[in-house]
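Notes follow once the structure below has been shown.
Whatever order the structure lists them in is the order used to number ligands and atoms, beginning at 1.
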Amino acid sequence: MRIDVVTIFPEYLAPLELSLIGKARQDGLLDLRVHDLRAFTTDRHRTVDDTPYGGGAGMVMKPEPWAQALAAIAGDRPEGAGKPVLIVPSPAGERFTQALAYELAEEKHLAFACGRYEGIDERVIDWSRDHFDVRPVSLGDYVLNGGEVAVLAMVEAIGRLLPGVVGNPESLVEESHSDGLLEYPVYTKPSVWRDREVPAVLLSGNHGRIAQWRRHEQFRRTAQRRPDLLEGFDAGKLPRADRTEL
Ligand SMILES: N#Cc1c(-c2ccc3ccn(Cc4ccc(CN5CCCCC5)cc4)c3c2)n[nH]c1N
């Protein structure tokens with residue numbers, strides 16, 4: 001997969017040189033390119049923002065540098081390749097979820113437009129639709145200062161789903177949200193730590209009972225912390241022992 005990121009703070013994306021994503025880049029599994037938006041300005045002050053039409057606080061990102069940067073990305077593609085997906089982090093976007101991460105992990109080419117200030121001139125989004133499949137996406141219901149933190153999270157969530165990135169693909173199967181539920185609790189040595197014991201079932205070696213206990217813990221935690229995830233969940237799919245708890 002190729003990923004392009006356009007930002008006025010390229011150094012904000014440095015953490016993507018570390019750990020699993022960094023190794024995926026070294027191994028050629030992920031071609032991640034970070035572009036400084038200011039490289040696409042033409043004035044001596046490398047201006048990327050201006051005052052908002054209609055008044056209001058703050059500044060808005062000028063359209064032309066964005067069009068130059070995005071055109072360079074859209075134009076640098078194999079002949080006949082389909083439109084890349086352009087993800088525009090925004091508080092007004094569709095919610096980023098594990099399901100969306102799986103969907104985007106299937107794409108060959110993603111681009112991310114990291115806005116700052118009060119956002120990007122809306123005409124850029126409209127113009128981009130001729131060159132990209134444009135997806136405004138929100139990390140969550142709170143306001144950040146720009147799109148870079150969202151891109152760090154999204155690239156990690158998407159990148160770890162790519163074949164070969166995570167050592168043991170099994171570990172992708174039982175994580176939170178992969179089956180619509182929160183994950184079960186995990187423990188390691190010592191079996192007694194500061195007078196706290198590991199649940200005995202985990203020491204039993206009975207894999208059937210361990211699996212049942214873990215499934216129950218997923219439902220218990222989800223009901224307690226994220227009951228919204230259980231709305232519309234088909235309780236009929238639950239093992240009988242789980243139904244009483246919900
Ligand atoms: N993903 C994601 C995000 C973001 C995010 C993503 C991208 C940018 C670009 C700039 N900002 C800062 C910002 C955004 C909106 C406002 C409100 N204004 C009100 C008046 C009309 C204009 C907008 C203020 C400042 C961003 C924030 N925040 N939270 C998420 N989950």
Hey, are R135 and E103 close enough for a salt bridge, meaning a charged N less than 4.0 Å from a carboxylate O? yes
- Message: Against ligand 1, does V137 come closer than 4.0 Å with any heavy atom?
- Response: yes
Ligand 1 to P89, heavy atom cutoff 4.0 Å, flagged ligand atoms 1 (N), 6 (C), 7 (C)
Value for CH2 (W127) from CG (L70), rounded to nearest 0.5 Å, stands at 5.5 Å
among protein heavy atoms, the one nearest atom 2 (C) of ligand 1 is S90 N, 3.6 Å
Among non-hydrogen protein atoms, atom 31 (N) of ligand 1 lies closest to G140 O, 3.0 Å
Here the gap from S128 atom OG to K83 atom NZ, rounded to the nearest 0.5 Å, amounts to 10.0 Å
Of E118, E148, M154, the one whose closest heavy atom lies nearest atom 21 (C) of ligand 1 is E118
On a heavy-atom basis, the closest approach of V151 and C114 is CG2-SG, 3.4 Å
- prompt: Taking both backbone and side-chain atoms of G119, is any N or O found less than 3.5 Å from an N or O belonging to ligand 1?
  reply: no
Counting heavy atoms under 4.0 Å, the part of D141 that contacts ligand 1 is neither
If we number the atoms of ligand 1 from 1 as shown, the ones under 4.0 Å from a heavy atom of V143 are 28 (N), 29 (N)
of all protein heavy atoms, closest to atom 30 (C) of ligand 1 is Y142 O, 3.4 Å
### Query
Salt bridge check: are R214 and E217 linked by an N-O gap of less than 4.0 Å?
no
Looking only at protein heavy atoms, what sits closest to atom 28 (N) of ligand 1 is L144 N, 2.9 Å
Taking only non-hydrogen atoms of S138 and a 4.0 Å limit, the atoms of ligand 1 in range are 1 (N), 31 (N)
for atom 15 (C) of ligand 1, nearest protein heavy atom and its distance come out as P91 CG, 3.9 Å
- ligand 1 and G115, any nitrogen or oxygen pair closer than 3.5 angstrom? no
Taking every heavy atom of R160 against every heavy atom of V165, the minimum-distance pair comes out as CA-CG1, 3.9 Å
Q | Electrostatic pair D76-R2, nearest N-O below 4.0 angstrom | A | yes
Mark the output for Y117 as yes if a heavy-atom distance to ligand 1 is under 4.0 Å, and as no if none is.
yes
Practice item. Give a yes or no on whether a salt bridge exists between K108 and D31, defined as a side-chain N under 4.0 angstrom from a carboxylate O. Key: no
Looking at D121 and R123, is any side-chain nitrogen of the basic one under 4.0 Å from a carboxylate oxygen of the acidic one? yes
